[in-house]
Amino acid sequence: MQRMKGGHAVAAALKVEGIEHVFGIVGTHDSPLFDGVFADKSIRVVTVRHEQGAALMAAGYARASGKIAACFVVPGPGLTNALTGMGMAHSESAPMLVFGGQNALPQLEREGGHFHELANSLGVAGSVCGYATRVSTPTDIPKVIREAMRAMRCQRPRPAYIEVPLDVQSGEAEVALLPPETYSRPGGDPASIARAAEALKSAKRPFIFAGGGVENAQATQQLARLAELLGAPVVTSVFGRGAISDRHPLALGDGWGRLDLYDDLLAQADLALVVGSRIDVVSDANVGARFPNRIVQVDIDPLVVGQRRPVEVGIVGDAAAVMTAMAAQLGGKDRECWFDAAGFRRRKHATLVERAGPVLTLIEDLRAALPDETIFVDDLTLVGYWMPMLLDTYQPRTLIHPGTYGTLGYSLPAAIGAKLACPKQPVVSISGDGAFLFTMQELATARAEKLDLIALVFNDNAFGAIRKYQDRMFGGRHIGSELVNPDFVKLGEAFGAKSIRVEPKDIGTAVRRAQDSGGLWLIEIPFAPEGSANMVPWMP
Ligand SMILES: Cc1ncc(C[n+]2csc(CCOP(=O)(O)OP(=O)(O)O)c2C)c(N)n1
Ligand SMILES: [Mg+2]
């Protein structure tokens with residue numbers, strides 16, 4: 001026990017939990033939190049330029065590394081600004097520890113005209129969190145942070161919100177720090193695992209559908225091993241793109257995008273093993289709707305198991321632990337794959353050359369120009385939509401596609417978070433002209449943090465996807481979808497980024513140059529392909 005102010009107790013507990021980064025913006029209502037980390041050199045404070053950026057950075061940080069970052073925000077607008085990023089993280093199962101300032105305890109819930117007042121802030125934050133609470137004394141801070149960590153580390157990872165009123169931040173009380181804890185996730189019910197192993201043995205033509213939960217559970221090796229034992233080809237969701245290397249002979253990539261490519265597989269398969277995926281709208285558009293009747297599903301979230309498809313066996317547990325146990329029960333030697341995966345990949349490539357021509361060339365040039373460990377962070381833009389299908393991915397957590405919450409402006413701040421978490425890996429953000437202006441001010445953050453980062457902006461002077469939607473659904477009556485843009489090169493220069501405009505054919509040379517010289521780069525690419533390359537996967 002020692003006497004501590006609330007702000008210092010937060011800092012001390014974060015240190016125990018191994019938190020290394022705080023994203024946020026100072027104000028009167030979170031200053032004691034910032035003051036708490038002032039003297040602690042193990043925690044780096046990253047000042048962002050809008051709280052949405054803080055939460056999106058924490059999301060990218062978690063997706064790229066599995067590590068948890070904290071955010072400090074003022075109440076009211078600070079929290080509501082952060083909510084969009086927290087909503088993204090919630091939809092993509094990314095953890096983060098958000099600390100919200102708050103008026104002093106006696107001032108709460110009275111609509112007293114207090115500064116930054118927001119009624120029901122816990123309800124507001126709770127809607128995009130797996131854990132949300134308010135502390136009323138510094139004494140409780142270590143315990144509450146521990147609960148939040150357990151919620152994030154032992155269950156499906158989601159943002160956690162801890163509200164610390166001003167009088168608690170600056171008030172002193174006796175605080176006992178908790179010793180570090182090893183967090184563990186449930187290993188799955190042994191009887192269900194045994195039934196699942198029997199089901200898998202009995203299947204003649206199984207395939208595996210792998211989602212982002214595989215990477216979250218650090219289960220990529222277990223996935224590959226199980227696939228080899230079963231002789232099962234592996235299809236991934238857009239969030240599971242790093243779950244298996246595209247160099248693995250059983251990897252079939254991602255099936256989003258209304259291509260008929262996966263029909264053969266789905267027609268022949270007699271069992272799907274779904275791991276770490278809720279088979280959501282994104283994956284469902286093409287693959288999920290035609291799943292075989294026999295499904296074995298493994299997920300850390302009990303609500304996801306059987307949610308969209310009835311399952312023969314459902315297992316709630318950690319993907320790595322469950323797949324290890326399944327593999328042990330299957331034993332024996334690898335089965336021959338029943339499906340011609342190599343032939344499939346050749347057919348898929350030929351189809352994509354036809355369908356995605358200019359986008360495929362561009363993405364292949366990007367891939368060839370940058371090393372395997374490069375982290376690509378997508379936005380909701382044409383090239384971003386295509387990335388999961390067209391970019392060969394070789395390492396876990398190297399393709400970060402925005403969650404189903406679907407905000408524009410995701411990629412730049414999420415890429416900044418990814419770079420801070422993984423400083424040795426090259427990081428590239430992929431934005432459209434529309435998306436970029438949602439969060440472009442975080443270029444200032446990237447500059448202040450002296451990050452090597454490549455921001456690509458694909459410019460068609462439009463909310464292109466929506467303009468196309470208006471073509472399809474409203475007879476070409478374009479309203480609100482044409483944009484008058486700034487000069488992106490001058491914009492980048494104003495932020496101190498090395499800024500160039502290049503034609504799509506020169507993208508490989510441009511990113512290689514940026515990668516070789518280091519620093520912050522903005523590369524604008526005028527890009528508006530016609531025909532089937534202009535396909536948006538969700539378009540009706
Ligand atoms: C916060 C938010 N507002 C609106 C939308 C709707 N929306 C989806 S895609 C899109 C167009 C994006 O334009 P741009 O970033 O230039 O990419 P493009 O479609 O032109 O490739 C819009 C407005 C959204 N996804 N998120
Ligand atoms: Mg655009």
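Counting convention: from 1, in listed order, for ligands and their atoms alike.
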_Out of the candidates Ile430, Asp379, Val359, only one should pair with Phe458 under the side-chain contact (heavy atoms from CB on, under 4.5 Å) rule; please name it._
Ile430

*Where the side chain of Asp433 meets the backbone of Ala462, is there a donor-acceptor pair that is under 3.5 Å apart?*
yes

*Find all atoms of ligand 1 within a distance of less than 4.0 Å from any non-hydrogen atom belonging to Thr407, and give their numbers and elements.*
1 (C), 26 (N)

*asked:* In this structure, is the centre-to-centre distance between the rings of Phe209 and Phe291 below 6.0 Å?
replied: yes

_Backbone N/O of Tyr410 and side chain of Thr407: donor-acceptor pair under 3.5 Å_ = no

*Mark up the atoms of ligand 1 that fall under 4.0 Å of a heavy atom belonging to Gly434, in ascending order.*
14 (P), 15 (O), 16 (O)

*So between Leu483, Leu408, Asn534, whose heavy atom ends up nearest atom 26 (N) of ligand 1?*
Leu408

*Distance-only, no hydrogens or angles: does the Glu92 side chain make a donor-acceptor pair with backbone N or O of Tyr405 under 3.5 Å?*
no

*Got an N/O contact under 3.5 Å between Ala462 and ligand 1?*
yes

*Find all atoms of ligand 1 within a distance of less than 4.0 Å from any non-hydrogen atom belonging to Gly406, and give their numbers and elements.*
24 (C), 25 (N), 26 (N)

_Using modelled atom types and a 3.5 Å cut-off, is there a donor and acceptor pairing between side-chain atoms of Ser91 and backbone atoms of Thr404?_
yes

*Atoms in ligand 1 with a heavy atom of Asp460 nearer than 4.0 Å*: 20 (O)

*Taking heavy atoms and a distance under 4.0 Å, where does Ile466 meet ligand 1: side chain, backbone, both or neither?*
side chain

*Any chance CD of Glu354 has more than 12 other-residue heavy atoms, nucleotides or ligands included, within less than 6.0 Å?*
no

*asked:* Looking at Tyr394, I'd like to know if the NZ or CZ of Arg247 sits under 6.0 Å from its six-membered ring centre while staying within 45 degrees of the ring's axis.
replied: yes

*Just wondering, is there an N, O or S atom on Phe463 that's nearer than 2.8 Å to the Mg ion (ligand 2)?*
no

*Just distances here: any N/O of Thr381 and N/O of ligand 1 closer than 3.5 Å?*
yes

*With ring centroids as reference points, do Tyr161 and Tyr131 lie under 6.0 angstrom apart?*
no

_Structural part of Phe438 in contact with ligand 1, heavy atom criterion under 4.0 angstrom_ = side chain

*Kindly check if the number of other-residue, nucleotide or ligand heavy atoms within 6.0 Å of CD (Gln218) is above 12?*
no

*Any N or O on Gly464 sitting closer than 3.5 Å to an N or O of ligand 1?*
yes

*Salt-bridge test for Glu215 and Arg397: reply yes if a basic N is under 4.0 Å from a carboxylate O, no otherwise.*
no

*Proximal heteroatom of Asp433 relative to the Mg ion (ligand 2) (N/O/S)*: OD1

*Taking heavy atoms and a distance under 4.0 Å, where does Ser481 meet ligand 1: side chain, backbone, both or neither?*
neither

*Before signing off on this row, confirm whether Tyr385 and ligand 1 have an N or O atom pair separated by under 3.5 Å.*
no

*Short N/O distance, under 3.5 Å, between Phe463 and ligand 1?*
no

*asked:* I'd like the atom name of the N/O/S atom in Asp460 lying closest to the Mg ion (ligand 2).
replied: OD1

*Which atoms of ligand 1 sit under 4.0 Å from any heavy atom of Ala435?*
14 (P), 15 (O)

